[in-house]
Amino acid sequence: LVASIIDYPGVRWFCLAAGFILFILFILTVTLFTAFLTLDERRMEGNKFDCLCCKQYDSSSSEEEEGKDEGEDKQGDEVVQERDSLGTFLYKRYLQLISNKVVAILIVCGFVSLIPIGFAFAVQNLAVGGKFEVYFPDESFYIKYTQTIQTKFVSLSSPATTIFQSFDASDPTVQDQIKSLLSDLDEEDFIIKPHASWLTDYEAYAYEHNNTISGEGYYDALESYLKITDTTCALRRESGECDRHIIPASYANDIVFSRNSNAIESVSVTRLNCMIAAYETSKEQIMFMDKHREKLTSSLKLYDLLKEDKVFVWNQLYMFYDRDKKMNILLTRTLVFAALAILGTLLFFLHPISVLIIAVAIASIDGALFTVMYFCGIPIDVVAFLVLAMAVGLSVDYVVHVAHAFEHENGIPSVRLQNTLSGIGMSVAKGGVSTFVGIIALAFAPSQIFRTFFQLIFSTVILGMYAGLVFFPACTVLIGHLIRPKGMDFQKTKFHRVM
């Protein structure tokens with residue numbers, strides 16, 4: 001729910017939906033699931049079949065059958081013991097291995113080392129913003145088109161627009177300032193094709209046809225010019241030959257006039273189009289977007305009749321570049337807030353030392369996920385943002401169960417650890433396996449975006465299981481004596497009340 005307050009609509013709605021679903025699951029768990037368990041308990045006490053719960057079986061006959069089967073069970077126990085011996089052997093070996101302080105130190109140091117690796121190296125070298133083709137199926141025509149464009153053409157371009165609002169186009173000074181501003185922008189190396197300006201083209205047309213260039217009657221002449229559907233000359237050489245032809249009516253949709261009693265007073269808004277270079281890496285894209293805007297801001301300071309809040313540049317990809325530019329800040333803020341919210345909540349239920357271990361585990365998991373993204377070539381995009389936002393809560397679930405069970409065991413740390421892993425350990429492992437089974441279909445999805453989602457969720461589950469079944473037990477071997485068992489406190493409290 002913490003991620004639902006960030007300034008990212010897509011992620012915000014996703015997190016709100018996920019939070020609502022989790023709340024409904026919690027309500028069903030404490031109501032419907034508990035009710036079914038109660039009914040099942042009553043069924044067993046009433047000697048009723050599980051599939052035909054309305055029919056009761058004879059308990060005496062079942063006892064006789066159990067007596068007949070005792071001999072077979074004794075023989076079967078030997079087989080079961082042989083089967084369980086391998087699992088018991090591995091479990092004991094695992095306890096012996098993780099109870100070794102040297103091994104525990106290596107486990108803790110190795111897992112904690114993922115924090116500097118992930119945050120100081122991996123995340124600094126991750127690309128920001130995914131390519132559009134990852135959102136389409138592998139056989140999409142868009143992917144084929146994109147691959148053809150990128151491989152066959154040396155340079156790529158994208159249309160851009162300079163927007164002017166609320167200005168008097170009939171004022172010759174304003175005209176000169178707009179043309180000078182466009183000339184300043186066209187000098188930049190990222191402008192591939194200069195601005196196509198109706199202002200300049202109309203001026204050339206007006207000179208040739210003796211029309212009004214400024215002042216009274218300008219807007220009437222301009223409006224008539226924009227209705228011409230025939231090809232006219234916009235730029236003529238000294239020899240008299242036309243160098244560039246245009247259709248004036250093509251500019252009609254680029255101008256919105258401000259009218260008063262049907263008379264044009266000024267230009268409400270207009271757009272002047274150009275072509276800018278399209279760059280492959282996100283860093284280059286963001287850099288040239290900022291450069292484009294900075295050039296406009298610095299140039300506007302030279303022209304007093306053009307207000308800064310009335311002129312801006314735009315490209316259809318800038319909305320994605322603006323998002324990618326803030327991605328690292330939003331991601332950092334989300335991870336920090338989510339971690340603080342979870343850790344603050346856990347302090348009400350767990351020992352501070354356990355919470356500290358969980359905090360280190362969360363940081364290590366995030367660092368490990370960044371490292372996985374670096375080696376798999378996964379950029380920080382919407383999919384990665386969603387998974388990283390969920391990873392804190394999803395991965396911490398495994399280690400919290402182990403920490404809670406450890407605190408409610410009595411005895412020395414080694415005994416408490418053994419009882420914890422033999423009790424809750426298998427449940428945690430089953431939870432991880434069931435999650436893996438639930439998402440494995442995404443590994444074979446026909447779209448890269450779903451395969452990326454699988455890679456990150458799978459890594460989160462593995463890291464969460466490692467934190468709960470390996471990292472936390474290793475920490476308890478080293479500092480488990482600092483975590484007081486709550487079961488002992490409860491027994492003492494109960495004893496004092498009886499006395």
Check your understanding: Can you check whether Phe472 reaches Tyr398 side chain to side chain, under 4.5 Å on heavy atoms?
Key -> no
**Study point:** With sequence neighbours excluded, residues passing salt bridge (charged side-chain N to carboxylate O under 4.0 Å, His left out) with Asp309
**Key:** none
Practice item. With sequence neighbours left out, write down each residue that passes ring-ring contact (aromatic ring centres under 6.0 Å, His included) with Phe33, or none if nothing qualifies. Key: none
Exercise for review: Please examine the side chains of Thr29 and Thr34, heavy atoms only from C-beta on, and report whether any two atoms are closer than 4.5 Å.
Suggested key: no
**Study point:** CZ/Arg42: more than 12 non-hydrogen atoms of other groups inside 6.0 Å
**Key:** no
Practice item. Identify whether the distance between the nearest side-chain nitrogen and carboxylate oxygen of Asp290 and Lys295 falls below 4.0 Å. Key: no
Review point. Could you walk me through whether Ser298 and Glu294 pass the side chain to side chain donor-acceptor pair (under 3.5 Å) check?
Key: CA-CA 6 Å; Ser298 61; Glu294 290 171 0; over 6 Å; no
Review point. So which heavy atom on Val437 is nearest to which on Ile440, and how close?
Key: O-CG2, 3.3 Å
Exercise for review: Hey, could you give me each pair passing side chain to side chain donor-acceptor pair (under 3.5 Å) that has a residue in residues 343-366? Not counting sequence neighbours.
Suggested key: Ser354-Glu407
Exercise for review: May I have the step-by-step check of side-chain contact (heavy atoms from CB on, under 4.5 Å) for Val428 and Val402, ending in yes or no?
Suggested key: CA-CA 8 Å; Val428 172; Val402 177; 4.0 Å; yes
Revision key, fill the gap. Residues at least two apart in sequence or cross-chain that pass ring-ring contact (aromatic ring centres under 6.0 Å, His included) with His195, listed by chain then number, are none
Revision key, fill the gap. ring-ring contact (aromatic ring centres under 6.0 Å, His included) filter on Phe471, not counting sequence neighbours, yields Phe111
Review point. If you take all heavy atoms of Ala368 and Leu463, which pair is closest and at what distance?
Key: CB-CD1, 3.5 Å
Review point. So, do Tyr374 and Leu126 sit near enough that their side-chain heavy atoms are less than 4.5 Å apart?
Key: yes
Check your understanding: Looking at Phe370 versus Phe121, is the centre-to-centre ring distance below 6.0 Å?
Key -> no
Review point. Of all residues at least two apart in sequence or in a different chain, which pass the side-chain contact (heavy atoms from CB on, under 4.5 Å) check with Asp397?
Key: His401
Point to revise | Backbone of Glu409 reached by a side-chain donor or acceptor of Arg416 within 3.5 Å | key: yes
Study note, to complete from the structure: Heavy atoms of Pro473 and Gly468 approach each other most closely as CD-O, 3.3 Å
**Study point:** Ile462 CD1 to Ser395 OG distance, which is reported to the nearest 0.5 Å
**Key:** 12.5 Å
**Study point:** Intermediate values then yes/no, side-chain contact (heavy atoms from CB on, under 4.5 Å), Arg451 and Leu442
**Key:** CA-CA 6 Å; Arg451 295 195 293 269; Leu442 294 176; over 6 Å; no
Exercise for review: Let me see the working for Leu114 and Phe119 under side-chain contact (heavy atoms from CB on, under 4.5 Å), right down to the final yes or no.
Suggested key: CA-CA 8 Å; Leu114 293 173; Phe119 287 92; over 6 Å; no
Mind listing the side-chain donor-acceptor pairs of residues 312-319 below 3.5 Å, one per line with the distance, residues two or more places apart or on another chain?
unit_1, atom_1, unit_2, atom_2, d
Asn315, OD1, Leu317, N, 2.8
Asn315, ND2, Ser158, OG, 3.0
Asn315, ND2, Pro159, O, 2.6
Tyr318, OH, His292, ND1, 2.8

Study note, to complete from the structure: Between the CG atom in Leu95 and the CG atom in Leu421, the distance rounded to the nearest 0.5 Å is 6.0 Å
Check your understanding: salt bridge (charged side-chain N to carboxylate O under 4.0 Å, His left out) with Arg271: which residues, sequence neighbours excluded?
Key -> Asp254
Check your understanding: With a 4.0 Å cut-off, would you call Asp189 and Lys291 a salt bridge?
Key -> yes
Check your understanding: ring-ring contact (aromatic ring centres under 6.0 Å, His included) with Phe458: which residues, sequence neighbours excluded?
Key -> Phe436, Phe454
Check your understanding: Hey, does Met289 have a side-chain heavy atom less than 4.5 Å from the side chain of Lys325?
Key -> yes
Review point. Below 4.5 Å, heavy atoms only, C-beta onward: do Val108 and Cys475 meet side chain to side chain?
Key: yes
Review point. Within a strict 4.5 Å, meaning less than it, do heavy atoms of the His481 and Pro413 side chains meet?
Key: yes
Review point. Where do Pro485 and Asn410 come nearest, in terms of heavy atoms and distance?
Key: CB-OD1, 3.7 Å
Point to revise | Heavy-atom side-chain proximity of Asp324 to Ile380 below 4.5 angstrom | key: no
**Study point:** Which residues share a side-chain contact (heavy atoms from CB on, under 4.5 Å) with Glu45, sequence neighbours left out
**Key:** Glu41
Check your understanding: Closest approach of Leu343 and Ala359, non-hydrogen atoms and distance?
Key -> CD1-CB, 3.5 Å
Review point. With a 3.5 Å cut-off and no angle check, do the side chains of Ser414 and Gln418 form a donor-acceptor pair?
Key: no
Exercise for review: With rounding to the nearest 0.5 Å, note down the distance linking CG in Leu272 to CD1 in Ile163.
Suggested key: 8.0 Å
**Study point:** Pairs satisfying side chain to side chain donor-acceptor pair (under 3.5 Å), at least one member in residues 93-119, at least two apart
**Key:** Arg93-Gln96
Check your understanding: Just how far is it from atom CD1 of Ile286 to atom CG of Asp322, taken to the nearest 0.5 Å?
Key -> 9.0 Å
Study note, to complete from the structure: Between Ile192 and Ala277, the two heavy atoms sitting closest are CD1-CA, 3.5 Å
Review point. Hey, what do you get for CD1 (Ile483) to CD1 (Ile357), rounding to the nearest 0.5 Å?
Key: 4.5 Å
Practice item. Only counting residues at least two apart or in another chain, list the ones meeting salt bridge (charged side-chain N to carboxylate O under 4.0 Å, His left out) with Arg43. Key: Asp40
Practice item. Evaluate the side-chain proximity of Ile98 to Val103: yes if any heavy-atom separation is below 4.5 Å, no if none is. Key: no
Check your understanding: Is a donor on one side and an acceptor on the other found under 3.5 Å between the side chain of Ser434 and the backbone of Gly431?
Key -> yes
Check your understanding: Between Ile21 and Phe26, does a side-chain contact (heavy atoms from CB on, under 4.5 Å) hold up when you go through it step by step?
Key -> CA-CA 9 Å; Ile21 292 172; Phe26 172 76; over 6 Å; no
**Study point:** Between OG on residue Ser427 and CD1 on residue Ile424, distance to nearest 0.5 Å
**Key:** 4.5 Å
